[in-house]
Amino acid sequence: MSYAKSIIDDIFGGIRPAARALDRSASTIQGWHEAGTIPQKHWNDIIEAAKAHDAYLTPQDFFESAAPAAASFGYGFKQPHCLSIDDFHRPDIETLLSLGDHYLDLGVQKNPDRSTLRGKTLINLFFENSTRTEKSFELAGKRLGADVISMQVATSSVKKGETLLDTAATLNAMNPDILVVRHGSSGAPALLAQKVGCSVVNAGDGMHAHPTQALLDALTLRRAFAAKGEDGQIDGRRIAICGDILHSRVARSNVKLLNRLGAEVRLIGPPTLLPTDVDRWGVEVFHDMEKGLDGCDVIMMLRLQLERMSGAFVPSKREYFHFYGLDRAKLAFAKDGAFVMHPGPMNRGVEISSDVADDPEVSLITQQVETGVAMRMGILHALSAAQDGASS
Ligand code: ASP
């Protein structure tokens with residue numbers, strides 16, 4: 001089938017619906033259908049209109065050799081793992097965000113459909129403590145019908161000296177479909193992914209990456225902008241990520257994703273808490289909250305990660321709060337109506353004051369947790385669909 005036919009039939013549902021969606025005459029669309037090609041000047045309109053059908057096309061889809069497009073969720077998502085934002089193309093990201101949106105719309109509490117992951121096994125393997133991430137993967141897996149096991153590393157043989165790779169071999173023998181891993185060392189989930197025969201999700205590795213947090217943050221923002229009656233896009237928004245950037249995997253994944261989605265990303269923090277290679281991150285760097293927050297639509301605060309610090313990175317928590325803690329006075333430097341985010345857990349009175357964190361007018365912190373479950377359902381759904389596609 002030609003790409004033109006597949007776009008017209010599979011995405012828009014035929015010539016007439018495509019004509020309506022694109023505001024063109026049916027005979028024009030029929031011409032494309034018969035020719036099998038679409039003139040380049042129409043590609044952008046088609047890419048835009050296809051989004052309403054949950055299809056995320058790129059210009060590459062308009063070449064003869066392109067795979068047929070389809071409107072179903074998860075289509076085209078062929079990634080075996082979720083290890084880093086770097087592994088995803090824009091259509092992968094849009095598919096994941098759409099799936100997260102879909103589960104948020106369904107209302108995660110009441111979602112009656114537990115068939116998506118029925119018969120599949122998800123193992124949570126957390127070598128570092130977690131409240132939100134581990135529980136949200138557990139809930140997401142259960143809500144989609146998977147059998148979920150959460151390994152308590154403290155009581156497992158990992159504590160008795162078993163190496164990461166021995167653990168991988170043991171878990172692999174249980175034939176899981178998805179392994180969700182958090183580990184204190186950067187690269188551990190990627191190493192496991194090479195050793196096991198299932199999908200691996202990185203739930204945070206050292207200071208390296210936390211891709212599912214970045215995806216849930218992007219989805220939270222899109223929904224928050226849309227709820228304000230604005231266009232729900234991240235493109236062109238000025239977003240400041242503030243605080244302990246050096247030790248933060250959340251910052252690293254968010255910078256990559258937000259840059260990819262077209263945001264203007266700024267980092268604000270003391271020089272001791274900024275990585276030495278920050279000039280290659282594609283961001284503007286500030287050491288002063290007043291200057292850095294100027295005109296910002298969003299302020300993402302980060303936890304001071306004391307457990308990853310050897311030595312003194314800040315003089316005292318009190319002084320840190322004075323210069324970098326977000327309170328009402330510093331919030332006023334940002335745009336009116338700016339949103340505040342924090343991935344949790346929060347150190348109240350160290351990086352953020354309680355009256356800002358708890359103000360529902362500005363704080364999206366509770367929404368981030370709620371969106372986390374839906375976004376992780378979307379990620380599990382996409383990986384499972386990719387597995388089924390690969391085996392069929
Ligand atoms: N929960 C996030 C993480 O796992 C942020 C933090 O711990 O500060 O990286």
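One-based numbering, in listed order, for ligands and for the atoms of each.
- In terms of polar-atom proximity, defined here as any N/O pair under 3.5 Å, Gly344 does make such a contact with ligand 1.
- Inclusion of Gln213 in the set of residues having an N or O under 3.5 Å from an N or O of ligand 1 is not warranted.
- In this structure, OG on Ser185 lies 10.0 Å from CG on Leu191, to the nearest 0.5 angstrom.
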Contacts table for residues 282-292: side-chain donor-acceptor under 3.5 angstrom, sequence neighbours left out:
residue: His287; atom: ND1; partner: Gly269; partner atom: O; Å: 2.9
residue: Asp288; atom: OD1; partner: Glu290; partner atom: N; Å: 2.9
residue: Asp288; atom: OD1; partner: Lys291; partner atom: N; Å: 2.9

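- Within the 4.0 Å heavy-atom cutoff, Pro345 counts among the residues contacting ligand 1.
- Residue, atom and distance of the protein heavy atom nearest to atom 9 (O) of ligand 1 are Arg249 NE, 2.8 Å.
- Salt bridge absent: Asp205 and Arg252 never bring a charged side-chain N and a carboxylate O closer than 4.0 Å.
- Counting heavy atoms from C-beta outward, Met174 and Thr121 have side chains that stay 4.5 Å or more apart.
- A cation-pi contact links Lys330 to Phe321, judged by a cut-off of 6.0 Å to the six-membered ring centre and 45° from its axis.
- For the side-chain hydrogen bond (donor to acceptor under 3.5 Å, both in side chains) test, no residue two or more places apart in sequence or in another chain qualifies with Thr170.
- Every atom of ligand 1 is numbered from 1 in the order shown, and the set under 4.0 Å from a heavy atom of Val250 is 2 (C), 5 (C), 9 (O).
- Interatomic distance, CD of Gln367 versus OG1 of Thr220, reported as 7.5 Å (0.5 Å rounding).
- Taking every non-hydrogen atom of Gln305 and a distance limit under 4.0 Å, the qualifying atoms of ligand 1 come out as 6 (C), 8 (O).
- Scanning the protein for heavy atoms near atom 7 (O) of ligand 1, the closest one is Arg303 NH2, 3.1 Å.
- At a heavy-atom distance under 4.0 Å, only side-chain atoms of His210, from C-beta outward, approach ligand 1.
- Contact atoms of ligand 1 toward Arg182: 4 (O) (distance under 4.0 Å to a heavy atom of the residue).
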